[in-house]
Each structure stands twice: as structure tokens, then as C-alpha cells.
Amino acid sequence: GADANAQGALPCPLKAIDELDRLPAQQRAFGPPALESLADLVFTTGTTGRPKGVPLTHRNVAAAATHINTVIGTTEGDVEVVPIPLYHSFGLGRLRCALSAGATIVLVQGFRLPGEIFLALERHAATALVGVPAGFAVLLRFGERGLGPFADRLRYIEIGSAPMPLEHK
């Protein structure tokens with residue numbers, strides 16, 4: 001290990017932090033991925049209830065974000081509070097939609113601490129809130145004092161990933 005590095009056998013010798021600004025600039029050609037290349041492999045039971053992997057190309061992901069932003073009307077001035085993890089397909093989808101529109105997202109760690117969501121809505125002057133039906137059921141327990149103060153500020157609320165009971169709608 002150490003002898004090989006001392007002899008220059010390793011492809012990337014260690015450098016001190018103060019040496020970094022003296023290294024030559026690296027020129028790398030970078031471009032966007034091919035539209036038909038694989039972007040995601042989503043594992044889901046989908047509408048059939050049978051587990052499967054669904055391949056999504058960059059074209060699929062871009063088309064979905066464009067379509068959703070068109071329907072919702074997401075703009076670069078929007079600030080979305082997203083209490084859904086980014087490893088969840090809905091959370092990742094909201095991230096992609098917001099980024100493609102130039103909007104801002106504010107991540108909150110789930111619905112188990114509703115005060116964090118209300119605080120984020122206030123602190124960041126949010127114009128949007130996204131969530132899943134079970135999460136909104138938690139927020140609705142606070143009645144008017146929960147989401148009520150934000151009614152005039154929120155341009156949209158997006159609900160995804162599962163059906164929502166009619167009484168909550």
C-alpha cells in the first residue's frame with residue numbers, strides 16, 4: 001500500500017489541501033444524458049398488485065415533469081413544502097417538477113411533527129404543499145388553525161400516491 005503510493009504506482013496520489021489550487025484545471029466534456037437512456041428503475045406493485053420493476057427513460061421523466069407542471073402551473077416563484085422523502089417516487093417526482101420549473105422545495109421530515117410543516121409554510125412563505133392522503137389526515141386534525149392561516153397564500157396543494165377519502169377532500 002504505502003510503498004506503492006510512494007513509488008507513484010497509484011493513479012491518483014494524495015495531495016495536501018493547500019495544493020489543490022495549484023493543480024491544473026481538468027477539461028471534461030459534459031453533456032446531458034441521451035433521452036432514451038435509463039433514468040430510473042422504479043419498483044412498484046402498481047395497479048395490478050404484482051411487484052415489478054418499471055424502467056423510465058430520461059424522456060419519460062422529462063415528459064412527466066413538463067406535463068405535471070403544465071397542469072398545476074408550477075412557476076419559478078413557487079415554494080413547495082415537501083414532507084415526503086425523496087426516495088419515495090412521489091417525493092422524487094416533486095423534486096424533479098420543481099427543479100424543471102425553477103421552483104424551490106423545502107424538505108420537511110414527514111407528517112409525524114405537523115408543527116414542522118406549519119412552521120415551514122410560514123417561514124418560507126410557501127405557495128404550495130404536497131403530501132399523501134394519510135399525511136393530510138394528520139394535518140386536518142388541527143382544523144382551521146392548522147392549514148387555515150395559509151389558505152390565501154397556497155396556490156396549490158398536490159395529493160398523490162393513494163386515494164383520499166371524500167370527507168378529507
Side-chain angles (χ1 to χ4, degrees), residues 30-169:
F30 179 79
L35 288 176
E36 298 311 320
S37 65
L38 183 68
D40 288 336
L41 184 56
V42 178
F43 291 92
T44 179
T45 57
T47 57
T48 65
R50 291 185 19 229
K52 60 189 155 289
V54 178
L56 298 177
T57 66
H58 289 280
R59 184 182 307 277
N60 298 140
V61 170
T66 300
H67 176 72
I68 292 166
N69 284 341
T70 299
V71 170
I72 291 177
T74 309
T75 69
E76 65 183 46
D78 283 315
V79 177
E80 285 188 14
V81 172
V82 181
I84 302 165
L86 298 182
Y87 59 78
H88 187 277
S89 61
F90 185 43
L92 182 59
R94 290 314 310 148
L95 172 67
R96 288 177 168 153
C97 288
L99 289 175
S100 69
T104 300
I105 66 164
V106 176
L107 298 175
V108 178
Q109 291 190 4
F111 287 89
R112 61 185 173 77
L113 297 173
E116 297 281 322
I117 295 169
F118 301 136
L119 183 63
L121 289 167
E122 180 66 37
R123 181 180 291 155
H124 300 284
T127 60
L129 175 62
V130 301
V132 295
F136 279 107
V138 170
L139 298 182
L140 291 173
R141 290 184 196 142
F142 289 83
E144 288 273 330
R145 64 187 175 94
L147 291 175
F150 308 103
D152 293 336
R153 241 189 274 170
L154 293 175
R155 283 194 337 96
Y156 60 91
I157 291 176
E158 186 180 1
I159 303 159
S161 297
M164 184 176 219
L166 187 57
E167 65 271 11
H168 289 173
K169 291 178 184 177

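E144 pairs by the salt bridge (Lys or Arg N to Asp or Glu O under 4.0 Å) definition with nothing, not counting sequence neighbours. A search for side chain to side chain contact (heavy atoms under 4.5 Å, CB included) contacts involving L86 returns L95, L107, not counting sequence neighbours. Residues satisfying the side chain to side chain donor-acceptor pair (under 3.5 Å) criterion with S100, sequence neighbours excluded, are N69. Scanning for side chain to side chain donor-acceptor pair (under 3.5 Å) contacts around T127 gives D78, with sequence neighbours left out. Remark: E122 engages R153 in a salt bridge (Lys or Arg N to Asp or Glu O under 4.0 Å) (not counting sequence neighbours). Scanning for side chain to side chain donor-acceptor pair (under 3.5 Å) contacts around T48 gives K52, with sequence neighbours left out. For the side chain to side chain donor-acceptor pair (under 3.5 Å) test, residues two or more places apart in sequence or in another chain that qualify with E36 are R59.
Sorted by first and then second residue, the ring-ring contact (aromatic ring centres under 6.0 Å, His included) pairs involving residues 143-163 (not counting sequence neighbours) form an empty list. For residues 47-88, no residue pair satisfies the ring-ring contact (aromatic ring centres under 6.0 Å, His included) rule, not counting sequence neighbours. For the ring-ring contact (aromatic ring centres under 6.0 Å, His included) condition, the pairs that include at least one residue of residues 111-140, sequence neighbours left out, are F118-F142. Within the structure, no pair that satisfies the salt bridge (Lys or Arg N to Asp or Glu O under 4.0 Å) test touches residues 60-72, not counting sequence neighbours. Within the structure, salt bridge (Lys or Arg N to Asp or Glu O under 4.0 Å) contacts touching residues 126-142 (residues at least two apart or in different chains) do not occur.
V138 places none of its side-chain heavy atoms less than 4.5 Å from the side chain of I117.
Atom CG of L56 and atom CG of L38 lie 8.0 Å apart (nearest 0.5 Å). Once rounded to the nearest 0.5 Å, the distance linking CG of L121 with CG of L154 reads 6.0 Å. With values rounded to the nearest 0.5 angstrom, I157 atom CD1 is found 11.5 Å from I72 atom CD1.
Panel note: side chain R94, backbone I84; no donor-acceptor pair is recorded below 3.5 Å.
Between V106 and A120, the closest heavy-atom pair is CG1-CB, 4.1 Å. Among all heavy-atom pairs drawn from A98 and I105, the shortest one is CB-CG2, 3.3 Å. Residues V130 and P83 come closest through the heavy atom pair O-CD, 3.1 Å.
Counted within 6.0 Å of CD on E76, heavy atoms from surrounding residues, nucleotides or ligands total 12 or fewer; the atom is thus considered open.
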- Verdict with reasoning, E158 to T74, per side-chain contact (heavy atoms from CB on, under 4.5 Å): CA-CA 11 Å; E158 186 180 1; T74 309; over 6 Å; no
